Asks: 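Right, I'll just put the structure down here and ask away after.
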Amino acid sequence: MNLLDFGSVTARHLRSGLAEEMYLLTGQDFTRPVTIYGTVNEVCNYKCLYCECWRMPEYKPEMSIAEWQKAILDLKDFLGKFHIQFSGGEPYIKKGFVDLIQFCHDNDVSWGVVTNGSAFMSDKIVEATVAAKPWTINISIDSKRSEIHDHSRGIEGSLDRVVTGIKKLVQARQAARQSFPVVIKPVVHRLNFRYLPEMVPWIQEIGATVLNFQPVDRWTPETHNELWITERQDLEDLGKVRDELLAMKRAGAPILNSELTLMAWEKHFLEEKAPPEYLPCRVGMRNFFIRPDGDVELCWFYKTVGNVKKNTAREIWYGDEARGRRKETVECDSLCLFTCLSHKTLGDKLKMGLTLITGINKQQ
């Protein structure tokens, strides 16, 4: 990532911001998806306490790599230059995934991935990833303490392996003279929150670029019984930790979250509605989630709006279903702190970009 890339992304988000304001003020829909997510599978090799993927009795049918390629080219025809963020499950488990990211690079489509990092133990996977020139690599780590991370992720020894993989990835990045950021994504929960500040210097020691925190949500029995933060003392301590992270961020620490989302942590665990400064919700005016079977959502919590195997992205985005979801999501008052759903102003996005660039420059 460089200033030229940053300028191109800023221009796209500026156009999106103007279209969103027009929609909110007049109802005229000139919006276009600006944040594209591709969930290529649901299968995973980890057993995270807050995830349902590994417990599913059956999985959604998966699109083939050829079908993903067709969907990506169709999005390019609709949007021009765009970025797609891949995830799973664990995306590197999908057969042909490295061919898909190389396809993105070959067709001038910016791409990133969210991964548990286990695949980077393989030199071949690291080499293929770097060769495809990613925009960002997002890796899930919950703590620098192996007893916490390994327990949260359900795999003994997983922290040691992912740190080894990150070092391999960073070495390959340096050898290729690339500068993509490695983003560490901790899930914030009762077992790890007191130790989050110690991750700030640690992620830089292992070669990563920035942190992007995401509070756990309630999906599984463990998130209700073990991981949710409910006790008064725990909530008070959470506020103190948050304030420490805010102070670190203001002093230049590589923390990607906006101050607004950090300030909402206690509200999240108290399950409060979103206050006015977080509204209106804008995901329906900017997000385009493609599921493994091709179904498209504007938000996880609302019905699908189409399927990329049956309709073009333009038809889906401006179809009756998507227009209906846009109106519904704008009126939603839920407080979402998922990194891909949380409220972000244009200013927030600019600050996030500058944080990434600053973190990359410090590593060079």
Side-chain angles (χ1 to χ4, degrees), residues 37-56 59-60 62 84-98 100-101 111-130 132 134-170 172-173 180-189 191-192 195-196 199 202-203 206-217 219-220 222-223 227 256 291-292 338-340:
Y37 297 94
T39 304
V40 297
N41 62 1
E42 294 176 326
V43 182
C44 190
N45 57 339
Y46 275 26
K47 296 183 178 181
C48 300
L49 299 183
Y50 30 70
C51 185
E52 296 175 322
C53 284
W54 59 276
R55 315 169 203 247
M56 291 180 176
Y59 296 101
K60 291 181 180 178
E62 294 179 12
I84 183 167
Q85 189 81 354
F86 293 112
S87 66
E90 170 48 45
Y92 279 98
I93 289 178
K94 182 173 178 64
K95 185 178 180 180
F97 179 68
V98 293
L100 181 59
I101 58 179
W111 69 273
V113 65
V114 180
T115 171
N116 61 35
S118 60
F120 297 141
M121 286 294 290
S122 164
D123 292 339
K124 184 177 180 181
I125 294 295
V126 168
E127 180 181 342
T129 297
V130 173
W135 174 262
T136 59
I137 301 292
N138 293 258
I139 300 176
S140 303
I141 300 179
D142 286 348
S143 177
K144 65 170 287 189
R145 302 178 180 227
S146 58
E147 67 272 17
I148 295 176
H149 173 84
D150 293 356
H151 177 68
S152 298
R153 297 287 166 174
I155 300 294
E156 186 176 351
S158 58
L159 180 62
D160 289 342
R161 289 194 289 275
V162 73
V163 169
T164 299
I166 289 172
K167 292 177 179 178
K168 288 174 177 281
L169 183 67
V170 171
R173 180 187 66 185
F180 58 84
V182 177
V183 181
I184 302 301
K185 298 188 68 173
V187 174
V188 179
H189 51 73
L191 303 181
N192 73 344
Y195 310 110
L196 296 178
M199 294 188 73
W202 177 74
I203 64 117
I206 64 173
T209 313
V210 294
L211 283 156
N212 196 11
F213 299 105
Q214 178 173 293
V216 70
D217 215 311
W219 303 103
T220 68
E222 294 91 341
T223 55
L227 303 180
L256 205 56
R291 292 303 185 186
F338 296 102
T339 53
C340 49

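Small disclaimer: the values here were computed from a predicted structure and weren't measured.
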Asks: Atom CZ in R55, atom NZ in K47: separation rounded to 0.5 Å?
Replies: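 So the CZ of R55 and the NZ of K47 are separated by 10.0 Å.
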Asks: If the condition is side-chain contact (heavy atoms from CB on, under 4.5 Å), which residues does S118 pass it with, not counting sequence neighbours?
Replies: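 side-chain contact (heavy atoms from CB on, under 4.5 Å) check on S118 returns N45, Y46, N116.
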Asks: Taking the six-membered ring for Trp, are Y92 and F120 parallel (under 30°), tilted (30 to 60°) or perpendicular (over 60°)?
Replies: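 Rings of Y92 and F120: perpendicular, as their planes differ by over 60°.
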Asks: Search all heavy atoms of W135 against all heavy atoms of F180 and return the closest pair with its distance.
Replies: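 Taking every non-hydrogen atom into account, O-CB, 3.6 Å.
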Asks: Hey, does P134 have a side-chain heavy atom less than 4.5 Å from the side chain of I101?
Replies: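 When only atoms from C-beta onward are counted, P134 and I101 do not touch, as no gap falls below 4.5 Å.
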Asks: Please enumerate all residues that pass salt bridge (charged side-chain N to carboxylate O under 4.0 Å, His left out) together with R145, with sequence neighbours excluded.
Replies: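 So R145 forms a salt bridge (charged side-chain N to carboxylate O under 4.0 Å, His left out) with E198.
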Asks: Tell me the closest heavy-atom pair linking P91 and V113, and the distance in Å.
Replies: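 Taking P91 first and V113 second, the nearest heavy atoms are CG-CG2, 3.6 Å.
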Asks: So which heavy atom on K168 is nearest to which on M121, and how close?
Replies: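 Here K168 and M121 meet closest at CE-O, 3.6 Å.
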Asks: Which value, rounded to the nearest 0.5 Å, describes the distance between S87 atom OG and N138 atom CG?
Replies: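 The OG atom of S87 sits 10.0 Å away from the CG atom of N138.
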Asks: Give me the atom names and distance for the closest heavy-atom approach of A208 to I184.
Replies: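 Looking at all heavy atoms of both residues, the shortest contact is CB-CG1, 3.5 Å.
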Asks: By side chain to side chain donor-acceptor pair (under 3.5 Å), which residues pair with S143, not counting sequence neighbours?
Replies: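 If we apply the side chain to side chain donor-acceptor pair (under 3.5 Å) test to S143, skipping adjacent residues, there are no hits.
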Asks: Starting from the C-alpha separation in whole Å, work towards a yes-or-no answer on side chain to side chain contact (heavy atoms under 4.5 Å, CB included) for W202 and V163.
Replies: CA-CA 11 Å; W202 177 74; V163 169; 3.7 Å; yes
Asks: When you measure from the side chain of T39 to the backbone N and O of N41, does any donor-acceptor pair fall under 3.5 Å?
Replies: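 No, the answer is negative, given that no donor and acceptor are paired below the 3.5 Å cut-off.
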Asks: Residues two or more places apart in sequence or in another chain: which of them pass side-chain contact (heavy atoms from CB on, under 4.5 Å) with S140?
Replies: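 For S140, the residues satisfying side-chain contact (heavy atoms from CB on, under 4.5 Å) (neighbours in sequence not counted) are V114, R153.
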Asks: Within the supplied structure, the quantity of interest is the number of heavy atoms (other residues, nucleotides, ligands) at a distance under 6.0 Å from E147 CD; does it exceed 12?
Replies: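 Result for CD/E147: enclosed.
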Asks: So which heavy atom on A172 is nearest to which on V126, and how close?
Replies: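 Minimum heavy-atom contact is CB-CG1, 3.6 Å.
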Asks: Within this structure, what is the CD1-OG1 distance for the pair I125 and T115, rounded to the nearest 0.5 Å?
Replies: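 Separation between the atoms: 10.0 Å.
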Asks: Do M199 and I141 have side chains that get closer than 4.5 Å, going by heavy atoms?
Replies: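 Yes, their side chains come closer than 4.5 Å.
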Asks: Over 60° means perpendicular and under 30° means parallel, so tell me whether H189 and Y50 are parallel, tilted or perpendicular.
Replies: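 Aromatic pair H189/Y50 classed tilted.
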Asks: Can you see which heavy atom on C53 is nearest to which on G89, and at what distance?
Replies: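 Shortest heavy-atom contact: SG-N, 3.9 Å.
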Asks: Mind checking what makes side chain to side chain donor-acceptor pair (under 3.5 Å) contact with D150, not counting sequence neighbours?
Replies: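 If we apply the side chain to side chain donor-acceptor pair (under 3.5 Å) test to D150, skipping adjacent residues, the hits are S158.
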Asks: Return the OG1 to CG distance between T129 and L169, rounded to the nearest 0.5 Å.
Replies: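 The OG1 atom of T129 sits 7.0 Å away from the CG atom of L169.
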Asks: Check for a donor-acceptor pair, side chain of N192 on one end and backbone N or O of V187 on the other, with a separation under 3.5 Å.
Replies: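 Yes.
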Asks: When you measure from the side chain of T220 to the backbone N and O of L49, does any donor-acceptor pair fall under 3.5 Å?
Replies: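 Yes; at least one donor-acceptor contact below 3.5 Å.
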Asks: Begin with the C-alpha distance, continue with both residues' side-chain angles, and end with the deciding distance and a verdict on side chain to side chain contact (heavy atoms under 4.5 Å, CB included) for T209 and V183.
Replies: CA-CA 6 Å; T209 313; V183 181; 5.7 Å; no
Asks: If you count every heavy atom of other residues, nucleotides or ligands that lies below 6.0 Å from E127 atom CD, does the total exceed 12?
Replies: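 No - once you tally the heavy atoms of other residues, nucleotides and ligands closer than 6.0 Å, there are 12 at most.
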Asks: Is the backbone N or O of G154 less than 3.5 Å from a side-chain atom of W54, with the two atoms forming a donor-acceptor pair by type?
Replies: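 No; zero donor-acceptor contacts below 3.5 Å.
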Asks: For E42, which residues count as a salt bridge (charged side-chain N to carboxylate O under 4.0 Å, His left out) partner, sequence neighbours excluded?
Replies: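 None.
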Asks: For the NZ atom on K60, are there more than 12 heavy atoms of other groups (residues, nucleotides or ligands in this structure) within a distance under 6.0 Å?
Replies: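 More than 12 heavy atoms, drawn from other residues, nucleotides or ligands, come within 6.0 Å of this atom.
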Asks: Run the side chain to side chain contact (heavy atoms under 4.5 Å, CB included) check on T136 and Q85 step by step: do they pass?
Replies: CA-CA 9 Å; T136 59; Q85 189 81 354; 3.7 Å; yes
Asks: Decide side chain to side chain contact (heavy atoms under 4.5 Å, CB included) for V43 and E90; before the verdict, give the C-alpha distance in whole Å, the side-chain angles of both, and the deciding distance to 0.1 Å.
Replies: CA-CA 6 Å; V43 182; E90 170 48 45; over 6 Å; no
Asks: Atom NE2 of H151 and atom CD of E222: how far apart are they, to the nearest 0.5 Å?
Replies: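 It is 8.0 Å, given to the nearest 0.5 Å.
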